[in-house]
Amino acid sequence: MEITTHTPNAMSSMNFSSAKQSVKPPQRGIFPLDHYAECKPFMEKYMSCLKEHQDRHHFCRDMSKEYLQCRMDRDLMAKENLDQLGFSEEAKVDSAEEYDKSKEKEGFVAGKHIDGRMKWWFQR
C-alpha cells in the first residue's frame, strides 16, 4: 500500500489569494447589525409607537423615517433619498380604514365555494 503525503508546496495552491480584496457595499435590503446601538433609541421609539397603535405603521411614519436616517448617517445602510423609500408627501397615508373581517364573521372561508377536486392539465 502506498501512502501519499501532502507537501507544503501542494497545499500552498489551496490558499486564498494574497491580492487585496475589495469591500463591496451591502446589497439593497441587507441591513448590517447596529453593533454599537447607535440607532437603538430611534428603533425603540418606533417599536413603542407600533405597539401603541396596534402595528398600524402609518401612525409611526416620522419615527420610521428618523430610524432609517440614523442608519444611513452611520453607514448601516445605503444612503438613499427618503422620498424613494416611501416618505414623499404623495405616499403619506392620512387615514386608513382597517378591514373589519365582516365576511369572515358571516362564515366565509376562502376557497370553500369551489366544488369538487380540481384536475391538473394532464388529467383533463
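Everything numeric in this text was worked out from a predicted model, so none of it was measured.
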Worksheet item: OH of Y36: more than 12 outside heavy atoms within 6.0 angstrom?
Response: no
Discussion item. Is there a path of hydrophobic side-chain contacts, each under 4.5 Å between heavy atoms of I/L/V/M/F/W/Y residues, joining M77 to L82?
Written reply: yes
Discussion item. So, taking the atom named SG in C70 and the one named CG in L76, what distance separates them when rounded to the nearest 0.5 Å?
Written reply: 7.0 Å
Worksheet item: Just wondering, are more than 12 heavy atoms of other shown residues or ligands nearer than 6.0 Å to NE2 in H57?
Response: no
Worksheet entry | Interatomic distance, D34 atom CG to R74 atom CZ [nearest 0.5 angstrom] | 8.0 Å
Discussion item. One thing to verify: whether R71 and D75 come together as a salt bridge, which I'm taking to mean a side-chain N less than 4.0 angstrom from a carboxylate O.
Written reply: no
Worksheet item: How long is the gap from CG on D73 to CG on L68, to the nearest 0.5 Å?
Response: 11.0 Å
For residues 37-48, please give each side-chain donor-acceptor pair under 3.5 Å, one per line with the distance, not counting sequence neighbours.
unit_1: S48; atom_1: OG; unit_2: E44; atom_2: O; d: 3.3
unit_1: S48; atom_1: OG; unit_2: K45; atom_2: O; d: 3.0

Discussion item. Is there a path of hydrophobic side-chain contacts, each under 4.5 Å between heavy atoms, that joins F87 and M72?
Written reply: yes
Practice prompt. Working to the nearest 0.5 Å, report the span between CD of Q54 and CD of E52.
Written response: 8.5 Å
Worksheet item: Are side-chain heavy atoms of K65 and L85 found at a separation under 4.5 Å?
Response: no
Item to complete: Identify the heavy atoms of G86 and A91 that sit nearest to each other, and give their distance.
Response: O-CB, 3.5 Å
Practice prompt. For residues F108 and S102, determine if any side-chain heavy atom of one lies less than 4.5 Å from a side-chain heavy atom of the other.
Written response: no
Worksheet entry | Joint cluster assignment, M63 & L50, ILVMFWY side-chain distance < 4.5 Å | yes
